[in-house]
Amino acid sequence: RVDRRQRQMCIRDRLSSWHRNGYLKLSATSNSSFTSTLSHWVDELQDLPETAGKWMQYFEAPEDDPHGRQLCRIENFLQFHPQLDALLRSRPILALVSQLMGDRAVLFKEKINFKLPGGNGFAPHQDAPAFTSFGQSYHITLMLSVDASTEDNGCLELVPGNYLRETLPLEADSTLNRETASTLAWEPLTTQPGDILLFDSFIPHRSGPNRSQSSRRALYVTYGKAAEGSYREAYYRLKRATFPPDIERIEGQDYGDTGVFNVGNPIRA
């Protein structure tokens, strides 16, 4: 009974923090075996060759080398990595996200942002304007920190608050209006390997460039409401057609109009 009461208090505290701030940070237990395994799994994905029709790799020009080419992100990889697939669709993860969502959650899409040394920052934005393709109303993203994230290497910055599913004023490219963004109280959220950060699709967020010599790799896994449909495969078909990875691009074709598939990212269009 004591354990049950403690669990109930923990759940209430989590939900209270979630509804107050729009995000929830869960610090990792001291499980060096898991964080080492997680880092190894991400190493495996980072070392994959560019391959058409499979995983989707995107690149950026490092901050100090405008003509360079550096891995920025990989998406659409769960079917090629069963261990991460099992983890990110596991009962505890889905139960946690469902509890915060107030509805049964289903995985919508997955990515790893690598932010290697010299990697650029991400412009202030909300996710909701980028998640409009299938008529869904609400999403929660789980960030799983692979490396330590610090202010030096470009940790995530959030604006705490309950935004009540409100889209703030936007620029033409669907990032936050610059004047609006300048008035917000941004807070850096540093993490250690294995930490989890959950945030909803309306909380404003951004990150700075990586000016350190260490990587800031993190999984960002987005979940939607099961009642609104399961669209992962459809999402990646549409993204591949609209904003394909470099290996699949047709020479001479203009891919500048990336629409909702490159909001706030430093990825080369």
Side-chain angles (χ1 to χ4, degrees), residues 23 25-51 55-77 80-81 83-84 87-88 110-125 127 141-159 175 181 185-199 204-222 245-247 262-269:
Y23 76 88
K25 180 180 176 182
L26 302 175
S27 297
T29 57
S30 54
N31 188 339
S32 59
S33 174
F34 170 71
T35 55
S36 176
T37 298
L38 178 63
S39 182
H40 174 67
W41 289 344
V42 172
D43 288 342
E44 291 176 334
L45 292 170
Q46 190 170 341
D47 292 339
L48 287 173
E50 289 182 77
T51 305
W55 42 84
M56 299 164 71
Q57 293 159 309
Y58 294 93
F59 297 83
E60 64 179 324
E63 188 182 38
D64 59 355
D65 183 7
H67 301 292
R69 184 175 186 265
Q70 178 169 280
L71 183 64
C72 179
R73 173 180 295 174
I74 186 169
E75 300 190 46
N76 189 45
F77 54 81
F80 307 105
H81 202 288
Q83 297 94 335
L84 278 171
L87 171 66
L88 299 175
E110 76 280 354
K111 65 189 179 189
I112 298 170
N113 284 346
F114 289 98
K115 198 173 281 195
L116 304 176
N120 294 280
F122 288 66
H125 65 283
D127 285 339
T141 293
L142 180 150
M143 188 201 87
L144 177 55
S145 192
V146 180
D147 306 312
S149 67
T150 67
E151 294 187 62
D152 285 341
N153 67 19
C155 67
L156 196 66
E157 299 175 28
L158 302 173
V159 182
T175 58
W186 297 92
E187 293 187 8
L189 269 293
T190 60
T191 60
Q192 292 299 313
D195 284 357
I196 286 175
L197 181 66
L198 298 113
F199 56 96
H205 55 287
R206 68 182 186 186
S207 67
N210 184 353
R211 296 198 170 108
S212 77
Q213 297 304 307
S214 60
S215 298
R216 193 230 68 174
R217 301 173 301 169
L219 282 148
Y220 286 83
V221 189
T222 300
D246 288 1
I247 193 70
N262 197 24
V263 175
N265 301 321
I267 296 168
R268 302 188 311 180

Legend entry - salt bridge (charged side-chain N to carboxylate O under 4.0 Å, His left out) partners for Arg216, two or more places apart: none
Inset, instruction - Taking the side chain as every heavy atom from C-beta outward, state whether Phe77 and Leu48 have any atom pair closer than 4.5 Å. - result: no
Inset, instruction - Return the set of residues passing salt bridge (charged side-chain N to carboxylate O under 4.0 Å, His left out) with Glu63 (not counting sequence neighbours), or none when no residue passes. - result: Arg211
Legend entry - Sequence-distant partners of Asp147, salt bridge (charged side-chain N to carboxylate O under 4.0 Å, His left out), two or more places apart: Arg217
Inset, instruction - Identify the residue among Leu71, Val146, Ile112 that makes a side-chain contact (heavy atoms from CB on, under 4.5 Å) with Gln46. - result: Leu71
Inset, instruction - Tell me yes or no: between the side chains of Thr141 and Thr222, is some donor less than 3.5 Å from an acceptor? - result: yes
Inset, instruction - Before accepting this row, confirm whether a basic side-chain N of the pair Glu187/Lys25 lies closer than 4.0 Å to the acidic partner's carboxylate O. - result: no
Inset, instruction - Test Ser145 against every option in Asp195, Thr35, Thr191 by the side-chain hydrogen bond (donor to acceptor under 3.5 Å, both in side chains) rule and name the one that passes. - result: Thr191
Legend entry - Exceeds 12 heavy-atom contacts within 6.0 angstrom, atom CD of Glu151: no
Inset, instruction - Could you give me the CA-CA distance, side-chain angles and deciding distance for Leu84 and Leu38, then say whether side chain to side chain contact (heavy atoms under 4.5 Å, CB included) is met? - result: CA-CA 8 Å; Leu84 278 171; Leu38 178 63; 4.1 Å; yes
Legend entry - Contact summary for Gly68 and Arg268, nearest pair of heavy atoms: O-NH1, 3.9 Å
Inset, instruction - In sequence, state the C-alpha distance, the side-chain angles, and the governing distance for Phe122 and Asn113, and then conclude on side chain to side chain contact (heavy atoms under 4.5 Å, CB included). - result: CA-CA 11 Å; Phe122 288 66; Asn113 284 346; 3.7 Å; yes
Inset, instruction - Identify which one of Gln57, Met56, Glu50 satisfies the side-chain contact (heavy atoms from CB on, under 4.5 Å) criterion when paired with Ile247. - result: Glu50
Inset, instruction - State whether the side chain of Ser214 and the backbone N or O of Ser212 hold a donor-acceptor pair below 3.5 Å, judged by distance alone. - result: no
Inset, instruction - Output yes when a side-chain donor or acceptor of Trp186 lies under 3.5 Å from a complementary backbone atom of Ala181, and no otherwise. - result: yes
Inset, instruction - Taking Asn265 for its side chain and Glu60 for its backbone only, find out whether a donor-acceptor pair lies under 3.5 Å. - result: no
Inset, instruction - For the residue pair His205 and His125, establish whether any side-chain heavy-atom pair is separated by less than 4.5 Å. - result: yes
Inset, instruction - Take Tyr220 and Phe199 through the test side chain to side chain contact (heavy atoms under 4.5 Å, CB included) and record every step on the way to the result. - result: CA-CA 10 Å; Tyr220 286 83; Phe199 56 96; 4.2 Å; yes
